[in-house]
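This report refers to the structure that appears directly beneath it.
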Amino acid sequence: MTKDGALGMSFHKLNDLVDQARAQSLWPLTFGLHCCAIEMMAASASRYDLDRFGAGVFRPSPRQADVMIVAGTVSRKMAPAIKTLYDQMPAPKYVIAMGGCASAGGPYQYEGQYAILEGVDRIVPVDIYIPGCPPRPEALIQGILQLQEKIRKKELAKQSTRANA
Amino acid sequence: MPDEIPVLKPPITAPPAVPPPAGYEKTGFHTAIDISPEKIVDVVQKMKAAGFFLETLSPVEHPDHFQISYLFNRWEKPDRQLYRVHLPPGSFTCPSVTAHLGGADWQEREAFEMFGLHFDGHPNLKHLLLPEGTDFFPLRKGFKFEGDSLEGLKKQEAVQDALHAKEDREALGKNVKDYFINMGPQHPSTHGVLRLLLHMDGERVLNVEPVVGYAHRADERIGMNNNWQQFYPYPARVDYLGGMIYNWGYVGTVEKALGIEVPERAQYIRIAVCELNRIASHLLWLGTFLLDLGSFTPFLLSMDDREKILDIIERVSGERITYVYFRFGGLARDVDDEFVEGSKKFVKEFRKKLKDYETLITKNVIFKNRTQGVGIITREIANEYGLTGPNLRSTGISYDMRKAEPYGIYSQFQFDIPTDTAGDSFGRYLVRMREMEQSLRILEQVLNQFPKGGEYISPKAPSRNIKVPRGEYYFAVEGARGQFGTHAVSDGGEIPQRLKLNTPSFHTMSSFASFTGGHNYQTSDIVAILGSLDIVVPDMDR
């Protein structure tokens with residue numbers, strides 16, 4: 001307790017502890033869109049074993065998930081569903097844009113394209129972008145580790161992104 | 001509907017349409033016939049009676065008129081017949097053949113939304129792959145989407161909301177016992193983004209309506225925007241589990257059109273990587289299928305074996321799943337001795353593993369109860385919807401492009417086409433398991449006879465400014481889930497006039513309602529059937 005009555009140090013540390021716990025038990029949403037989903041499955045399977053980093057518990061329901069791994073191209077038809085899923089996830093929630101398509105349209109981006117959104121950050125705030133087409137499972141693991149680091153350091157994407165601007 | 005469609009303005013001096021192709025060796029068609037629109041219904045009835053199935057329906061836009069190509073083929077003796085319907089200039093209407101051939105339903109809907117063609121008499125001519133309320137035809141010549149994709153999104157949401165509100169009102173008005181369940185587009189067992197609208201009565205499924213297009217990424221439009229080489233990366237992204245075979249499917253079409261010879265060494269490498277890829281694809285299917293049925297162990301085992309294959313393929317192609325390894329006339333790079341040795345080692349080890357899978361799964365009582373007698377595909381359904389691949393072979397038809405229309409040097413190797421007569425989920429499982437054995441058999445022969453030296457790409461292979469001669473071409477390979485064909489039309493330029501990807505998952509899903517509805521299946525049966533079909537969603541939506 002400091003003189004002005006604030007919890008000060010102790011409060012700060014508890015918050016850190018909570019963030020540490022959050023970072024170590026990220027539950028991703030079971031949600032594959034395209035090719036990247038196969039690499040996401042490979043990352044969670046025998047050889048790469050995402051469970052080592054506490055992020056292997058894939059939940060089919062958005063209401064039980066912490067992190068949405070957008071693994072693939074976001075088509076215009078799919079975009080409203082992704083927005084709904086994101087809205088259904090309880091806060092704090094994180095988004096990983098896996099691969100070139102989810103980051104910026106990837107090979108499907110061209111002038112005058114009609115089918116996809118050029119990056120999922122147009123509809124939901126993204127914390128981590130993973131390059132690759134598709135990224136290797138190691139790259140996804142690196143992304144998860146980076147996200148954990150960001151959660152610990154409290155450097156997450158603000159809710160105000162291009163989508164809200 | 002037709003008056004809503006913008007009128008095509010023909011140029012003053014229209015060049016004549018591409019002449020009808022001739023010669024199977026050169027074009028892939030045994031016969032090609034030009035007909036007028038009113039004759040197509042008779043043709044379809046005649047072909048169906050003669051045992052033909054509709055391979056694909058592919059509209060082509062010419063400067064002055066539209067052409068619709070109907071490709072027919074049959075199982076017993078390959079006989080690809082191309083019927084080209086020429087619509088009169090300024091006309092967008094063709095008689096629908098859906099009433100006579102169920103498989104034409106989705107194909108006509110796709111032609112409608114992509115080209116704005118109207119099929120007279122089609123019972124349900126609405127958008128298939130594109131969102132409801134789309135007001136443009138993206139495969140029209142020179143089409144460019146203008147405006148912001150987000151704006152379109154809001155409009156699309158409004159249209160969908162209005163539609164759903166109307167459906168809800170209608171359902172309430174009827175005061176019915178039955179109800180609808182929405183399975184997907186985000187559902188763990190739909191293998192990606194497929195939506196099934198289940199019409200339920202209690203626990204029983206009355207009818208299933210697949211809603212597709214959530215993975216539509218405009219592959220065909222990209223093909224028609226760029227030149228022939230620039231399409232190299234895309235086929236493997238259409239079917240990302242059997243990408244190597246799809247590489248061949250596209251590259252083979254252009255090789256056929258240009259008449260390029262592929263060197264012997266490249267032929268061996270091609271078959272080796274494709275058969276490895278086929279096993280990898282079947283392994284992933286096996287894992288996810290069993291995962292759908294609630295069994296986790298096979299998934300971990302099969303993914304481990306799959307990684308071993310990916311290691312081998314990655315050594316030669318540089319990619320784990322989305323390969324860009326094939327080139328017109330050969331391959332991107334050579335393989336080394338370690339590829340041959342590593343593959344030999346894998347074949348030896350995997351033979352033993354395959355027996356383990358058999359003991360673990362094939363004799364499992366729970367697995368049998370969930371799959372035997374469920375989701376039976378009959379030969380009539382398979383013919384009506386043009387099914388290919390293991391789904392067709394489980395009905396007892398021995399139809400495989402590697403034997404029916406051998407490409408590459410497949411005819412030099414000994415292998416069987418496994419079939420099963422039950423046509424149920426268990427039959428499809430058995431066929432795929434035996435197919436892996438046959439792939440190992442092919443691999444063994446390829447690796448034992450592997451040429452010591454030679455070119456991996458033809459010295460005459462074109463690299464730049466490829467101009468494909470005017471004409472219409474079709475080339476098909478046996479993908480991991482059925483026939484993958486590329487229907488290419490060239491006007492003689494560097495850019496394809498039309499590139500149609502005929503994918504097996506599209507046919508499988510278009511038939512899905514016909515063998516799942518009305519059988520008193522429960523929701524979990526639908527999951528089991530869907531898992532056994534081995535669909536890849538972008539393979540269906542492209």
Side-chain angles (χ1 to χ4, degrees), chain A residues 29-39 41-49 58-62 68 71-85 88 99-101 105-119 122-123 132-137 162-163, chain B residues 129-132 134 136 138 143-146 148-150 152-153 156-157 160 184-189 191-193 195 211-219 221-222 225-226 233-234 236-237 240-241 243 284 287-288 299-308 310 319-322 537-538 541:
Chain A
L29 180 62
T30 314
F31 184 39
L33 289 169
H34 286 101
C35 335
C36 290
I38 305 300
E39 291 297 64
M41 278 162 66
S44 70
S46 338
R47 184 182 286 186
Y48 296 98
D49 193 9
F58 280 81
R59 306 308 299 173
S61 166
M68 181 157 91
T73 324
V74 182
S75 69
R76 283 202 311 134
K77 197 168 183 175
M78 193 60 205
I82 291 177
K83 185 85 172 69
T84 312
L85 286 169
Q88 285 174 337
C101 294
Y108 292 91
Q109 197 275 331
Y110 62 90
E111 199 195 334
Q113 67 81 17
Y114 67 95
I116 63 158
L117 285 191
E118 292 116 341
R122 300 206 66 182
I123 47 169
C133 190
R136 297 176 60 89
R162 275 198 274 161
Chain B
L129 301 176
L130 299 175
E132 290 138 344
T134 304
F136 50 78
F143 169 80
K144 262 190 181 176
F145 182 64
E146 305 207 335
D148 190 50
S149 43
L150 272 182
L153 205 68
Q156 168 200 333
E157 271 181 286
Q160 275 172 349
Q186 182 261 338
H187 189 278
S189 69
H191 295 239
V193 281
R195 180 173 149 215
V211 183
V212 301
Y214 292 95
H216 178 65
R217 328 192 255 192
D219 284 293
R221 179 73 257 179
I222 290 170
N225 276 351
N226 299 318
Y234 293 93
R237 284 166 175 81
Y240 41 68
L241 297 183
L284 192 119
T288 50
F299 174 70
L300 295 175
L301 290 174
S302 70
M303 287 298 271
D304 193 41
D305 283 335
R306 184 174 169 269
E307 290 290 343
K308 286 175 193 155
L310 296 191
E319 265 283 11
R320 276 168 56 87
I321 52 175
T322 47
V537 178
D541 294 345

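By convention in this document, chain letters (A, B, ...) are assigned in the order of the sequence lines, proteins followed by strands, and residues within each chain are numbered from 1.
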Exercise for the section: Go through the atoms of L33(A) and report whether side chain, backbone, both or neither lie under 4.5 Å from a heavy atom of chain B. Expected result: both

Problem - Which portion of I321(B) sits near chain A, non-hydrogen atoms under 4.5 angstrom - result: side chain

Problem - Residue L241(B) versus chain A: region with a heavy atom under 4.5 Å - result: side chain

Handout entry: Selection from R47(A), E39(A), R136(A) maximising heavy-atom pairs under 4.5 Å formed with chain B
Key = R47(A)

Practice task
Indicate yes or no for a side-chain donor-acceptor contact from R237(B) to the backbone of P538(B) under 3.5 Å, with no hydrogens or angles considered.
Solution key: no

Exercise for the section: Spell out, as yes or no, whether a donor-acceptor pair under 3.5 Å connects the side chain of Q113(A) to the backbone of I116(A). Expected result: yes

Practice task
Name the region of L29(A), side chain, backbone, both or neither, that has any atom closer than 4.5 Å to a heavy atom of chain B.
Solution key: side chain

Practice task
Output yes when a side-chain donor or acceptor of T322(B) lies under 3.5 Å from a complementary backbone atom of C133(A), and no otherwise.
Solution key: yes

Exercise for the section: Taking atom types as modelled, find out whether R221(B) and Y114(A) have a side-chain donor-acceptor pair closer than 3.5 angstrom. Expected result: no

Problem - Residue Y48(A) versus chain B: region with a heavy atom under 4.5 Å - result: side chain

Exercise for the section: Could you tell me whether the side chains of D219(B) and Y108(A) share a donor-acceptor contact shorter than 3.5 Å? Expected result: yes

Practice task
Look only at the side chain of S75(A) and the backbone of Y214(B), and say whether a donor-acceptor pair between them is shorter than 3.5 Å.
Solution key: yes

Problem - chain B contact via A37(A) - side chain, backbone, both or neither, heavy atoms under 4.5 Å - result: neither

Handout entry: Under 3.5 Å: donor-acceptor pair, side chain of D304(B), backbone of L300(B)
Key = no

Fill in the blank from the handout: Under 4.5 Å to a heavy atom of chain A? For R320(B) that would be side chain

Problem - Contact class of D541(B) relative to chain A, heavy atoms under 4.5 angstrom - result: neither

